[in-house]
Student: 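Before anything else, here's the structure in question.
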Amino acid sequence: MTKYSTSSTNSKWTGMVPVDDTALAVTDTGGPGIPVVYLNGQFATQGYWRRVIAELGAGWRHITYDERARGKKSKRSADYSFEAAVRDVDAVLAARGVDRAVLVGWSYGAFVGAHWAGRNPDRALGAVLVDGAFPYDWLDEAMEQRIRKMFRRMNLFMPLLRPTGLTPRMNAEQMANSNIELGKISRERELGPVLDNITVPARYVVASGTSLGSRGDEQERIRTSLDAVTARNPNIKISAKVASNHGAILKKDFRAIAEAVREVAALDRAGH
């Protein structure tokens, strides 16, 4: 049997994993199955994955966690950078004794998954990138101002929702800065080489329509950037283009996401 864990302790576990100046709330179903690590949307929580997890079932080892200052329990930090988010994957895997895993990332989490898979080809069994990690130059000065304005508006009601875990314990400036940093990471000259460097099976599940803050066909134009990516790198393919929009994809098209996980795992076992 293939070993994915460096630890004999792979029973079900829920707790806090310390990293840098903070701690992350982590849930690990345990078991001998292939480990799947779920990487959340920028301000989302691990609960978003419940339908995908249920669809895959108990034959897999499911590891979810809330990023810094997200959810009800993960602690605040002085560092909400993208690089910190990539480091947190290592911290969670090390804490749970997991050596190799499939990464499944939605939105912001897709960028984290793409970067981690590219940097760790011996540890990534594969990656499923859900409506994110599109190399496209969508950030300009006008967009940056739109982002800052949007988060200032949202800050009027976000404090009321923080106790529920539905909004992060970050202020409007921190959230805007994170979103603007994502725009810089998304640029073709930045993300293109990262995707070209992926040597493990990677599958995209692509939504349709809009996402928060996008206008008109803006999001669909961004998604067309994948054509050049798949033409250059045979390890990357589009597994499914689904009808639901960016925000609803985990809820409505969980089956397509689960199928993409099965696909990359099968390719790894076959030596792709």
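All heavy atoms count here, side chains included; hydrogens, waters and symmetry mates do not. It should be emphasised that the depicted structure is a prediction, and the values quoted were computed from it without experimental measurement.
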Student: I need the minimum non-hydrogen distance between V194 and A114, along with the two atoms involved.
Tutor: CG1-O, 4.0 Å

Student: Which heavy atom of L103 sits nearest a heavy atom of A124, and at what distance?
Tutor: CD1-CB, 3.9 Å

Student: For R123, is there any backbone N or O sitting under 3.5 Å from a side-chain donor or acceptor partner on N120?
Tutor: no

Student: So which heavy atom on A265 is nearest to which on I34, and how close?
Tutor: CB-CD1, 3.9 Å

Student: Atom CD1 of I236 and atom CG of L129: how far apart are they, to the nearest 0.5 Å?
Tutor: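 Atom-to-atom, I236:CD1 and L129:CG are 7.5 Å apart.
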
Student: Quick one: are the ring centres of H246 and W106 less than 6.0 Å apart?
Tutor: yes

Student: Quick check: do N235 and P201 have side-chain heavy atoms less than 4.5 Å from each other?
Tutor: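 Counting from C-beta outward, N235 and P201 never come under 4.5 Å.
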
Student: In Å and rounded to the nearest 0.5 Å, what is the CD1 to CD distance from I53 to Q46?
Tutor: 8.0 Å

Student: Answer yes or no: is there a side-chain heavy-atom contact under 4.5 Å between N245 and K252?
Tutor: no

Student: Search all heavy atoms of A101 against all heavy atoms of L93 and return the closest pair with its distance.
Tutor: CB-CD2, 4.3 Å

Student: Does one side chain, of S225 or E188, offer a donor that lies under 3.5 Å from an acceptor on the other?
Tutor: no

Student: In sequence, state the C-alpha distance, the side-chain angles, and the governing distance for E67 and N40, and then conclude on side-chain contact (heavy atoms from CB on, under 4.5 Å).
Tutor: CA-CA 8 Å; E67 264 292 359; N40 304 338; 5.6 Å; no

Student: Quick check on K251: does its NZ atom have over 12 non-hydrogen neighbours (other residues, nucleotides or ligands) under 6.0 Å away?
Tutor: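 No, NZ of K251 has 12 or fewer neighbouring heavy atoms, counting only those of other groups under 6.0 Å.
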
Student: Would you kindly say whether S178 and Q42 are connected by a side-chain donor-acceptor distance under 3.5 Å?
Tutor: yes

Student: Between the side chain of T22 and the main-chain N/O of V19, is any donor-acceptor distance below 3.5 Å?
Tutor: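 No.
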
Student: Please determine whether a side-chain nitrogen of the Lys or Arg among R223 and D131 lies less than 4.0 Å from a carboxylate oxygen of the Asp or Glu.
Tutor: yes

Student: For R50 and G47, indicate whether the former's side chain and the latter's backbone hold a donor-acceptor pair under 3.5 Å.
Tutor: yes

Student: Using the rule given for salt bridge (Lys or Arg N to Asp or Glu O under 4.0 Å), can you reason through D137 versus R187, listing the C-alpha separation, both sets of side-chain angles and the distance that settles it, and then say yes or no?
Tutor: CA-CA 5 Å; D137 295 27; R187 287 172 176 155; 5.1 Å; no

Student: Would you check, one step at a time, whether the test side-chain contact (heavy atoms from CB on, under 4.5 Å) holds for I249 with V130?
Tutor: CA-CA 8 Å; I249 191 168; V130 183; 3.8 Å; yes

Student: May I ask you to test the N171-Q174 pair for a side-chain heavy-atom distance under 4.5 Å?
Tutor: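 In contact.
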
Student: What orientation do Y108 and F82 show, parallel under 30°, tilted 30 to 60°, or perpendicular over 60°?
Tutor: perpendicular

Student: Below 4.5 Å, heavy atoms only, C-beta onward: do V102 and V104 meet side chain to side chain?
Tutor: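 Side chain of V102 against side chain of V104, heavy atoms only: contact under 4.5 Å found.
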
Student: Assess whether a salt bridge exists between D140 and R146, defined as any Lys/Arg side-chain N lying under 4.0 Å from an Asp/Glu carboxylate O.
Tutor: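 R146 and D140: not salt-bridged.
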
Student: Given side chains that start at C-beta, do those of V92 and L24 come closer than 4.5 Å, heavy atoms only?
Tutor: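 With C-beta onward as the side chain, the pair touches.
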
Student: Looking at S186 and P135, would you say the former's side chain and the latter's main chain have a donor-acceptor pair under 3.5 Å?
Tutor: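 Such a contact is absent between S186 side chain and P135 backbone.
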
Student: Using distance alone, with no hydrogens and no angle criterion, decide if S239 and E259 have a side-chain donor and acceptor under 3.5 Å apart.
Tutor: no

Student: Going by atom types alone, do S77 and R68 pair a side-chain donor with an acceptor below 3.5 Å?
Tutor: yes

Student: Step by step, would you call W116 with L39 a side-chain contact (heavy atoms from CB on, under 4.5 Å)?
Tutor: CA-CA 11 Å; W116 197 90; L39 307 171; 5.9 Å; no

Student: What distance separates M175 CE from M170 CE, expressed to the nearest 0.5 Å?
Tutor: 6.5 Å

Student: Just verifying a value: how many Å separate I180 CD1 and E173 CD, rounded to the nearest 0.5 Å?
Tutor: 9.0 Å

Student: So how far is it from M150 CE to N179 CG, rounded to the nearest 0.5 Å?
Tutor: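 So the gap between those two atoms works out to 5.5 Å.
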
Student: Could you check D21 against R76 for salt bridge (Lys or Arg N to Asp or Glu O under 4.0 Å), going step by step and ending with a plain yes or no?
Tutor: CA-CA 8 Å; D21 64 346; R76 288 186 172 95; over 6 Å; no

Student: Taking all non-hydrogen atoms of both residues into account, name the closest pair between G105 and W49 and its distance.
Tutor: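 In terms of heavy atoms, the two residues are closest at C-CH2, 4.1 Å.
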
Student: Less than 4.0 angstrom from a charged side-chain N to a carboxylate O is my criterion; do R51 and E55 meet it?
Tutor: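 Salt bridge between R51 and E55, a charged N being under 4.0 Å from a carboxylate O: no.
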
Student: Does the side chain of W138 reach to within under 4.5 Å of the side chain of M143, using non-hydrogen atoms?
Tutor: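 Side chain of W138 against side chain of M143, heavy atoms only: contact under 4.5 Å found.
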
Student: Mind checking the OH-CD1 spacing from Y38 to I257? Nearest 0.5 Å is all I need.
Tutor: 10.0 Å

Student: Using 4.0 Å as the upper bound for N to carboxylate O, is an ion pair formed by K75 and D66?
Tutor: no

Student: Donor-acceptor pair, N233 side chain versus V229 backbone, under 3.5 Å?
Tutor: no

Student: Decide if the gap between the ring center of F43 and the ring center of F151 is smaller than 6.0 angstrom.
Tutor: yes

Student: Does V206 reach the side chain of E220, with side-chain heavy atoms less than 4.5 Å apart?
Tutor: no

Student: Looking only at the side chains, is there a donor atom on one of R148 and N177 sitting less than 3.5 Å from an acceptor on the other?
Tutor: yes

Student: Can any side-chain N or O of H115 pair as donor or acceptor with the backbone N or O of L195 at less than 3.5 Å?
Tutor: no

Student: I would like to know whether T27 and Y65 meet side-chain contact (heavy atoms from CB on, under 4.5 Å); could you show each step before the answer?
Tutor: CA-CA 6 Å; T27 303; Y65 65 97; over 6 Å; no

Student: Would a single hydrophobic cluster contain both M16 and V37, if residues Ile, Leu, Val, Met, Phe, Trp and Tyr are joined by side-chain heavy-atom contacts under 4.5 Å?
Tutor: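 Unlinked, V37 and M16 end up in two clusters.
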
Student: Give the C-alpha distance, both sets of side-chain angles, the deciding distance and a yes or no for salt bridge (Lys or Arg N to Asp or Glu O under 4.0 Å) between D253 and K241.
Tutor: CA-CA 10 Å; D253 283 296; K241 168 81 170 175; over 6 Å; no

Student: Hey, mind stepping through D28 and R61 against salt bridge (Lys or Arg N to Asp or Glu O under 4.0 Å) and telling me if it holds?
Tutor: CA-CA 7 Å; D28 179 357; R61 181 177 178 180; 2.6 Å; yes

Student: Show the nearest heavy-atom pair for residues T29 and W60, with the distance to one decimal.
Tutor: OG1-O, 3.8 Å

